[in-house]
Amino acid sequence: MAEYEACILGLRLAIDINVQELPVIGDSDLLVNQVLGEWAMKNTTILPYLHCIQELIKRFTKIEFKHVPRIQNDFADVLATLSSMIQHPDKNFIDPIPIGIHKQPAYGDDVEKKIDGDPWFHDVKKYLERGEYPETATHTQKRTLRRLANHFFQRGRILYRRTPDLGLL
């Protein structure tokens, strides 16, 4: 999404300063090929961004998208650095694009407290201390809890997260 938002911001800036012909050089193979229609769009959450770019493209008399591999992207890096220094006359942000795709319900809990009043890490801590699962846990929930517990260890009453370099958080 960040790649698409950066592209949209750049296109809008070019439109605002009346650019008619524009070469777009990017190191995102995915973005360039999706905009050119060579690759299919699998992630439907990015689809509104693609539609926005396609609408903005219509405002140019000539526009060309070119992919530059990251190894050879010195020019793209310089352009990105320069574009980050330019202040847009009216605003330097992109308006949010509303996304309304709901294929299945989304569930969310408060990060600090669960519905039962315990903190989010209560079940992990209980599993590490006593090897016990919540009473109503299904097989899948038990497996998930075991996998989650592998990322933590307990020293005294404090729960620590394991890191790849064995450092502590």
Side-chain angles (χ1 to χ4, degrees), residues 1-115 119-121 124 140-141 144-145 147-152 159-169:
M1 284 189 224
E3 301 267 354
Y4 274 90
E5 288 178 359
C7 183
I8 291 169
L9 183 60
L11 292 175
R12 285 185 178 168
L13 183 59
I15 290 167
D16 288 348
I17 59 174
N18 295 322
V19 172
Q20 297 298 314
E21 296 181 7
L22 182 68
V24 178
I25 302 169
D27 61 7
S28 173
D29 201 22
L30 180 68
L31 184 141
V32 171
N33 284 302
Q34 285 178 342
V35 169
L36 293 174
E38 294 173 3
W39 289 3
M41 175 69 69
K42 290 185 179 179
N43 186 347
T44 56
T45 58
I46 299 177
L47 199 55
Y49 291 95
L50 181 61
H51 290 309
C52 183
I53 289 176
Q54 290 169 340
E55 287 300 313
L56 292 172
I57 287 173
K58 294 175 184 175
R59 296 186 178 180
F60 295 94
T61 56
K62 180 181 177 188
I63 188 165
E64 178 185 350
F65 283 83
K66 182 179 180 190
H67 173 253
V68 176
R70 291 184 194 228
I71 299 170
Q72 305 167 349
N73 73 348
D74 292 338
F75 186 62
D77 283 342
V78 169
L79 288 175
T81 303
L82 288 173
S83 67
S84 68
M85 295 177 187
I86 297 172
Q87 290 295 319
H88 189 278
D90 299 325
K91 56 186 175 181
N92 59 355
F93 62 90
I94 183 171
D95 295 328
I97 298 174
I99 298 174
I101 300 170
H102 302 286
K103 291 191 176 182
Q104 52 184 308
Y107 300 97
D109 290 334
D110 188 325
V111 174
E112 295 298 321
K113 298 281 184 184
K114 287 176 37 179
I115 295 172
W120 66 268
F121 55 85
V124 174
T140 305
Q141 291 169 334
T144 302
L145 183 59
R147 287 181 180 170
L148 184 61
N150 285 333
H151 298 287
F152 295 92
L159 190 66
Y160 294 94
R161 179 166 172 76
R162 295 181 195 271
T163 57
D165 61 353
L166 300 177
L168 302 178
L169 281 176

Could you check whether any side-chain heavy atom of [X] comes within less than 4.5 Å of a side-chain heavy atom of [Y], counting everything from C-beta outward?
X	Y	result
E21	T61	yes
F60	I15	yes
S28	Q34	no
L11	V24	yes
E3	L30	no

Grab the two heavy atoms, one from [X] and one from [Y], that are nearest each other, plus how far apart they are.
X	Y	result
K58	E55	NZ-OE2, 3.0 Å
H67	D27	NE2-O, 3.6 Å
Y4	M41	OH-CE, 3.8 Å

For the atom pair [atom1] ([X]) and [atom2] ([Y]), what is the distance rounded to the nearest 0.5 Å?
X	Y	atom1	atom2	result
I53	E5	CD1	CD	10.0 Å
L22	I57	CG	CD1	9.5 Å
Q20	K62	CD	NZ	13.0 Å
L36	L31	CG	CG	9.0 Å

